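Here is the structure we will look at, set down as structure tokens.
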Protein chains: 2
Amino acid sequence: MPTDTTSARAPSGPRSLEHPDRADIRLAEVLHALADPMRLRIVRALAAAEGELNCADIELPVSKSTCTHHFRVLREHGVIRQLYRGTAKMNGLRREDLEELFPGLIDGVLRAAALQAGRLGEE
Amino acid sequence: MPTDTTSARAPSGPRSLEHPDRADIRLAEVLHALADPMRLRIVRALAAAEGELNCADIELPVSKSTCTHHFRVLREHGVIRQLYRGTAKMNGLRREDLEELFPGLIDGVLRAAALQAGRLGEE
DNA sequence: GCAGTCATACGATAAGCGTCGTACTACGGT
DNA sequence: ACCGTAGTACGACGCTTATCGTATGACTGC
């Protein structure tokens with residue numbers, strides 16, 4: 001049986017991950033987190049796959065350490081949620097929190113990103 | 001009679017200001033431009049005063065050079081439009097261009113900023 | 001237990017950014 | 001013609017960031 005993630009939510013062990021409380025999320029920081037092509041790509045991928053995604057499921061033209069870095073930025077600024085599931089780490093957008101704080105913002109950014117992607121090389 | 005701004009739109013004189021074409025505006029850059037508390041404040045002020053605003057009409061707790069810097073960032077990333085009117089420089093949001101490129105984005109950001117401002121110290 | 005895989009940590013590096021002060025330029029009024 | 005005001009240019013400073021490579025840690029499967 002794999003690790004029981006139910007009873008081990010955010011333990012203080014070596015594999016704990018800090019997420020900001022909803023009330024601590026700041027607009028400028030969210031925008032900053034989104035203001036990077038690589039991270040925008042990550043967020044788009046996470047939004048597309050409504051469920052959770054493994055880090056490696058998103059192909060990025062950067063090294064693994066850089067990838068980790070971007071995921072951390074997104075997490076620390078409250079854009080995504082990460083949790084360990086065995087050997088992998090699952091990532092998901094914090095849609096509910098963001099919607100509650102800044103209604104429509106994320107969807108606006110995602111729509112804008114999709115539009116621009118279509119306008120440019122249909123990435 | 002003051003300078004005839006009608007016949008002198010974007011002259012190549014010493015006081016010309018470069019604005020990116022609408023097609024050259026990039027989402028990541030717009031987000032980056034907005035991802036700063038000071039600039040967010042500027043944009044909010046410009047949005048509130050629907051018309052045009054003098055640089056000095058917005059009180060900012062930074063030096064004059066820093067102020068110039070922020071305005072330039074906003075202009076070069078396509079968020080605002082600046083033009084000289086005599087000794088002053090008028091600033092306005094590029095609402096139409098942004099709306100055309102990223103419909104709903106700016107309004108979403110502005111609403112989010114207003115919400116957060118209300119939530120925090122009612123700035 | 002051991003090896004493989006996924007991801008982190010850490011250090012390094014180079015670039016970028018926000019801030020400032022001072023010196024300079026352009027315009028308008030007196 | 002002068003001076004004051006509004007804004008820019010430039011250089012400097014310290015901090016943050018994006019990137020990498022390598023070494024390390026955690027879990028799975030053999």
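Keep in mind that the numbers below use all heavy atoms, side chains included, and drop hydrogens, waters and symmetry copies. Keep in mind it's a predicted model, so treat the numbers as computed, not measured.
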Item to check | Side chains of R81(A) and L17(A) in contact at under 4.5 Å (non-hydrogen atoms) | outcome: no
Next on the checklist: Is the shortest side-chain heavy-atom distance between R44(A) and L110(A) below 4.5 Å?
Outcome noted: yes
Item to check | Value in whole Å for how far the C1' atom of dG25(D) lies from NZ of K64(A) | outcome: 12 Å
Item to check | 4.5 Å side-chain heavy-atom contact, H70(B) and V43(B) | outcome: no
What nitrogen or oxygen pairs link the protein and nucleotides 13-15 of chain C at under 3.5 Å?
none

Checklist entry - Would you call L101(A) and R119(B) a side-chain contact if the rule is heavy atoms closer than 4.5 Å? => result yes
All N/O pairs under 3.5 Å across the protein-nucleotides 10-12 of chain C interface:
none

Item to check | Interatomic distance where CG belongs to L60(A) and C1' belongs to dA7(C) [whole Å] | outcome: 14 Å
Item to check | Sub-4.5 Å side-chain heavy-atom contact between M38(A) and P61(A) | outcome: yes
Checklist entry - So do the side chains of P103(A) and L115(B) get within less than 4.5 Å of each other, counting heavy atoms only? => result yes
Checklist entry - Can you tell me if the side-chain N/O atoms of S63(B) get under 4.0 Å from OP1 or OP2 in dC20(C)? => result yes
Checklist entry - Between the side chain of N91(B) and the main-chain N/O of L53(B), is any donor-acceptor distance below 3.5 Å? => result yes
Could you run down the sub-3.5 Å N/O contacts of the protein with nucleotides 15-17 of chain D?
none

Checklist entry - Based on Watson-Crick and G-U pairs with both distances under 3.5 Å, what dot-bracket line describes DNA chain D 5' to 3', crossing pairs as [ ] and inter-strand pairs as |? => result ||||||||||||||||||||||||||||||
Checklist entry - Just how far, in rounded Å, is P of dA6(D) from CG of N91(B)? => result 14 Å
Checklist entry - How many Å lie between CE on M90(A) and P on dC27(D), as a whole number? => result 15 Å
Checklist entry - Once you round to the nearest 0.5 Å, how far does CG of L27(A) lie from CZ of R111(B)? => result 12.0 Å
Next on the checklist: So I58(A) and F71(A), do their side chains get closer than 4.5 Å, heavy atoms only?
Outcome noted: yes
Checklist entry - Where the side chain of V62(B) is concerned, which of dT19(D), dT19(C), dG7(D) is the nearest nucleotide? => result dT19(C)
Next on the checklist: Between P on dC27(C) and CG on L17(B), what's the gap in Å once rounded to a whole number?
Outcome noted: 12 Å
Checklist entry - Transitively linked via ILVMFWY side-chain contacts under 4.5 Å: L40(B) with L98(A)? => result yes
Checklist entry - Taking atom P of dA9(D) as reference, at what distance in whole Å does atom CZ of F71(B) sit? => result 15 Å
Next on the checklist: Restricting to salt bridge (charged side-chain N to carboxylate O under 4.0 Å, His left out), what partner residues turn up for D57(B), sequence neighbours left out?
Outcome noted: none
Checklist entry - For E18(A) and dA9(C), what is the distance between atoms CD and P respectively, to the nearest whole Å? => result 11 Å
Item to check | Distance test, side-chain N/O of T66(A) to OP1/OP2 of dC20(D), below 4.0 Å | outcome: yes
Checklist entry - Among pairs that include at least one residue of residues 17-37 of chain B, which meet side chain to side chain donor-acceptor pair (under 3.5 Å), considering only residues two or more places apart or in two chains? => result R22(B)-D97(B)
Next on the checklist: Contact between V62(A) and H69(A) at the side-chain level, heavy atoms closer than 4.5 Å - yes or no?
Outcome noted: no
Checklist outcome for this item: Whole-Å distance, I42(A) CD1 to dA18(D) C1', equals 12 Å
Checklist entry - For the atom pair CG (L74(A)) and CZ (R94(A)), what is the distance rounded to the nearest 0.5 Å? => result 11.5 Å
